[in-house]
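Below is one structure, written out as structure tokens, with a few remarks after it.
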Amino acid sequence: MILRVVNGRIPPGMLESVRAALERDYVPVARRQPGLDRFLTAVRPTETGHQIALMTVWTDLESALAAYGGNLTAVRTIDGVGHGEILDDVEFYEVETGGVRLTGGTPRFLRLTAGTVRRGLDADIQRELRSRLKVLGPEVVDAYVGRRVKGSSVEIAFVSTWTDGAAGRRLDEPIWPDISAQYDAFSIGVFDVLLEGSRDR
């Protein structure tokens with residue numbers, strides 16, 4: 001599987017118009033897109049508007065490449081049009097077998113975490129993360145462990161969505177400090193889910 005996140009910004013006062021444009025233009029395309037298993041858009045407030053993250057999960061690399069004209073780094077959404085947001089960059093990860101946990105529920109929060117280690121040190125961390133997916137509580141709707149190579153380093157992503165049941169939990173802190181302490185660099189981003197869905201079956 002391929003997990004892809006497009007990051008961007010929404011100018012002040014434009015959140016509702018961006019939401020409406022996404023519902024009108026983006027969601028219908030996503031629901032019809034071959035190979036797209038899951039899509040989710042989330043936002044968080046900033047001093048100058050909102051930050052936006054558009055996540056897609058693809059069943060295979062070929063489907064993802066076909067959707068973006070053969071270029072996964074293209075700074076664009078599936079429908080290829082603007083909705084009022086300003087897109088900045090793209091991140092994508094390979095998700096291996098055993099690196100996915102899917103349960104029922106409606107997600108309220110998207111949690112994006114990534115840690116970087118030197119190549120050769122990542123396998124044990126990925127294995128440990130995958131083993132811990134099954135001990136996550138029922139408040140977790142989706143969880144993915146992915147990786148991408150960045151020169152001499154490997155970035156490991158743990159992407160998850162959470163229900164209202166996580167409202168009393170500090171999602172902006174490491175869930176497993178013993179793992180996050182092993183990274184050379186580590187980041188956490190927590191967003192409110194704006195839109196979510198799956199491809200029409």
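Since we're looking at a predicted model, the values are computed, not measured.
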Rounded to the nearest 0.5 Å, the OG1 atom of Thr103 sits from the CD atom of Glu139 at a distance of 9.5 Å
Here's a test for you: under side-chain contact (heavy atoms from CB on, under 4.5 Å), which of Leu36, Asp79, Thr77, Val81 qualifies with Val29? Asp79
Please list all pairs passing the salt bridge (charged side-chain N to carboxylate O under 4.0 Å, His left out) test where one or both residues lie in residues 87-98, with sequence neighbours left out. Arg9-Asp88, Glu96-Arg130
Less than 4.5 Å apart, any side-chain heavy atom of Arg148 and any of Val154? no
Measure the spacing between CD1 of Ile188 and CG of Leu112 and express it to the nearest 0.5 Å. 10.5 Å
Could you state the interatomic distance from CG (Leu87) to CD1 (Ile52), rounded to the nearest 0.5 Å? 7.5 Å
Would you mind reporting whether Phe186 and Pro174 have side-chain heavy atoms less than 4.5 Å apart? yes
Quick one: closest heavy-atom pair of Thr73 and Val90, and the distance? O-CG2, 3.9 Å
Any chance CZ of Arg119 has more than 12 other-residue heavy atoms, nucleotides or ligands included, within less than 6.0 Å? no
Within a strict 4.5 Å, meaning less than it, do heavy atoms of the Val190 and Trp162 side chains meet? no
Shortest non-hydrogen contact from Ser131 to Glu128? OG-O, 2.7 Å
What closest approach, in Å, do Arg76 and Val6 show between heavy atoms, and which atom pair accounts for it? O-CG2, 3.6 Å
Nearest atoms (heavy-atom pairs only) where Arg101 meets Leu136: NH1-O, 2.7 Å
Does one hydrophobic cluster hold both Ile156 and Val140, with members joined at side-chain heavy-atom distances below 4.5 Å? yes
Side chain to side chain, Leu40 and Thr56, heavy atoms closer than 4.5 Å: no
Test item: Ser153 and Val117 side chains (from C-beta on) under 4.5 Å apart, heavy atoms: no
Do Pro11 and Ile86 come close enough that some side-chain heavy atom pair is under 4.5 Å? yes
In terms of hydrophobic clustering (I, L, V, M, F, W, Y; side-chain heavy atoms under 4.5 Å; direct or indirect links), are Ile10 and Ile78 co-clustered? yes
Hydrophobic clusters here meaning ILVMFWY residues chained together by side-chain heavy-atom distances under 4.5 Å, can you tell me if Leu72 and Val75 are in one? yes
Does the side chain of Met1 reach to within under 4.5 Å of the side chain of Thr59, using non-hydrogen atoms? no
With rounding to the nearest 0.5 Å, note down the distance linking CG in Leu194 to CG in Leu15. 6.0 Å
Under a 3.5 Å distance rule, please check whether Arg38 uses its side chain to pair with a backbone N or O of Gly197 as donor and acceptor. yes
Go through the steps to decide whether Val141 and Thr106 satisfy the test side chain to side chain contact (heavy atoms under 4.5 Å, CB included), and finish with yes or no. CA-CA 7 Å; Val141 180; Thr106 301; over 6 Å; no
I'd like to know if the side chain of Asp142 pairs up with that of Thr161 as donor and acceptor (distance under 3.5 Å, no hydrogens or angles considered). yes
Determine, using the 4.5 Å side-chain heavy-atom cutoff (strictly less than), whether Val145 and Tyr183 are members of one ILVMFWY cluster. yes
Hey, what do you get for CZ (Phe39) to CE (Met55), rounding to the nearest 0.5 Å? 10.5 Å
Tell me whether Asp178 is salt-bridged to Arg132, with the criterion being a basic N under 4.0 Å from an acidic carboxylate O. yes
If you define the side chain from C-beta out and look only at heavy atoms, does anything of Phe191 sit under 4.5 Å from Gln51? yes
Under a 4.5 Å side-chain heavy-atom rule over Ile, Leu, Val, Met, Phe, Trp and Tyr, are Tyr26 and Val43 clustered together? yes
Check Lys150 against Glu155 and note the closest heavy-atom contact, atom names and distance. NZ-OE2, 3.4 Å
Could you report the tightest heavy-atom contact between Thr113 and Phe158, atom names first, then the distance? OG1-O, 2.8 Å
For residues 53-102, pull every pair meeting ring pair (Phe, Tyr, Trp, His ring centres under 6.0 Å), keeping only residues two or more places apart or in separate chains. Trp58-Tyr68
How long is the gap from CZ on Arg108 to CG on Leu171, to the nearest 0.5 Å? 10.0 Å
